[in-house]
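In what follows, chains are A, B, ... by sequence order, proteins preceding strands, each numbered from 1.
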Amino acid sequence: MIGRAALGLAAAVLAAFLLAPERFAPLLRPLAANGAPPIYTQTSLLGLTLWHLALVAAAVAASTVVAVGLGILVTRPGWRDVLPLARTVTSVGQTFPPVAVLALAVPLMGFGSGPTLLALFLYGLLPIFENTLAGLTGLPPAVTEAARGMGMTPAQRLVQVELPLALPVILAGVRLSAVIALSTATIGSTVAARTLGEVIIAGLLSSNTAFVVQGGVVVGTLALLIHAGFVWLERRLAPGGPSDRR
Amino acid sequence: MIEIEHLTRRYGDRTVVRDVSLTVGRGQIAALVGTSGSGKTTLLRMINRLVQPTAGRVLIDGTDTATVPAHLLRRRIGYAIQGHGLFPHRTVAQNIATVPRLLGWDAARIRARVDELLDLFQLPPVEFRDRLPHQLSGGQQQRVGVSRALAARPDLLLMDEPFGALDPVIRASAQADLRRIQRELGTTLVIVTHDIDEAMALGDRIGVMDQGLLLQYAPPRAILTDPATPFVARLIGTDQRPFHLLSLSRVADLATPGTADGPPVAPDASLRDALALCLWSGRGALPVQGGGVVTLEALRRAARPGGAGADP
Ligand SMILES: Nc1ncnc2c1ncn2[C@@H]1O[C@H](COP(=O)(O)OP(=O)(O)OP(=O)(O)O)[C@@H](O)[C@H]1O
Ligand SMILES: [Mg+2]
């Protein structure tokens, strides 16, 4: 498949670049004006990438736990009243600009990863929450009725039937949040979080396009790969997906 | 035994089941028929409390079902849902094993039971055990749905149009299997069906519903010969009445001493089959296996209200 080959190639090039960036210097030199260094060397690019990924993973994991939990809660009988409130909270989390979150959080949390983590966490809630809601409320009625009719308790229905069937939709929400967080995390470097944003900002400050491009391309490629990974997982987990064909 | 007492269900100001009372004796089959939207499914689902009655109550073996935790009640009641409702992410075997697993059966016993049921419904276990529901035909899905309802050998079975998607051949054998299992285990069964033939073939009693009302609840013969309302007569279909009536009695019930020519008919064949054989072979009488004859004349009498078998 062409798509898969392209992804494999992208992953290989990315790995090669992160492990030995100096080898790509000739490629980037034309972008670096007046003999400026073509490769960012203040910090190891590999190290920054790992920090960046860790930050995103932590934030998305937190968003997932909270948003899925909230989605489960508001779909339980007796808790429907909480739905409008949960919707408002998650929507505000998304509409409030991450930059503003950073600005407000720094005085409270200080510089470093904290404010960025908070901004990414809030920004990621909405897609996961909405997808959890869609996944849990969009189940075929005959299936949920059968689960009740067989004598499953509410907890057994949730764990054995509702969540497994909603999982692909929930994962699509996590994927969306992860991809958004991956690019949004770059702004964390304005408040001293260690992310690939550092490279881009260094490029902007010194008018070095080579830095901007390498930072941007690494983030973009990571987003592409993570997106593809999630899509693959969603397909595998969907009933009737490729893994079922025998 | 199920005793349904004055059950009513309202949605808003619409009453979809209206003051229905009926009793199904232990080991008996009640078949519910009626037009679409007449409240059959709702009535059925009030028995296992999937629908909460607005008024009235259900007693199972004398116990008010409202006093038992709903999930424990449902594990004791087999339920084949309209449109099968199989879990799409679970294999055929896992689907069938649902209630036994909830009841904590051990793995070997579950596996044996699953294979037994698959065999019974003509789905070879090796081939079907590990398939997912979407890899089955509609008729196969329905049979798995029925197997799942039967899995834990419940004393009480609720079935909502379980055989709707089966072709006539498999349907007839599935009905016969169900009847056999039901007799062997003494299961009490309430079955909803659109098919009057099926209701006649299975029901010890037939309940006819219209617009939430139970118009008549009586043995098949009484429904045929003494319909409570014109609607009941219309639903059963006047043109088929003599044949339904004949299908309710066995050849042995009508056999008289004597001899006749040609191939014999089995004593447990229905009178309907005997009539068909008479007409097809142009004979006025058929020899009965093991002695005696059944005559066309007797069959004609039996096809009329008040004919043979009216007072067994
Ligand atoms: N949850 C509900 N809310 C409102 N109305 C309902 C609900 N469930 C059923 N009804 C209505 O109750 C009536 C009876 O429904 P029910 O499913 O019992 O009919 P049925 O006899 O089983 O029909 P069918 O033969 O088509 O399956 C229908 O008019 C239906 O629209
Ligand atoms: Mg129905």
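The minimum heavy-atom distance between I81(B) and A142(A), with the atom names listed, is CD1-O, 3.4 Å. Counting all heavy atoms, side chain and backbone alike, L86(B) lies closest to V143(A) at O-CG2, 3.5 Å. Smallest separation of non-hydrogen atoms from A146(A) and G85(B): CB-O, 3.2 Å. Between H89(B) and P164(A) the shortest heavy-atom distance is CD2-CB, 3.5 Å.
Taking OH of Y79(B) as the reference point, atom CZ of R148(A) lies at 9.5 Å (rounded to 0.5 Å). Between the CZ atom of R75(B) and the OG1 atom of T153(A) there is a distance of 6.5 Å, given to the nearest 0.5 Å. Note: L103(B) CG to M150(A) CE = 11.5 Å, rounded to the nearest 0.5 Å. Rounded to the nearest 0.5 angstrom, R157(A) CZ and H71(B) NE2 are separated by 10.0 Å. Taking CE of M152(A) as the start and OG1 of T98(B) as the end, the distance is 5.0 Å to the nearest 0.5 Å. Distance check: Q160(A) CD to Q94(B) CD gives 10.5 Å after rounding to the nearest 0.5 Å.
For chain A, no part of L73(B) is nearby; none of its heavy atoms comes within less than 4.5 Å. The contact between L50(B) and chain A is made by backbone and side chain atoms together, counting heavy-atom distances below 4.5 Å. Only the side chain of R45(B) comes within contact range of chain A, judged by heavy atoms closer than 4.5 Å.
Taking a 6.0 Å sphere around CZ of R90(B), one finds it holds more than 12 heavy atoms contributed by other residues, nucleotides or ligands. Shown here is E5(B), whose CD atom has more than 12 heavy atoms of other residues, nucleotides or ligands within 6.0 Å. Counted within 6.0 Å of CZ on R10(B), heavy atoms from surrounding residues, nucleotides or ligands total 12 or fewer; the atom is thus considered open.
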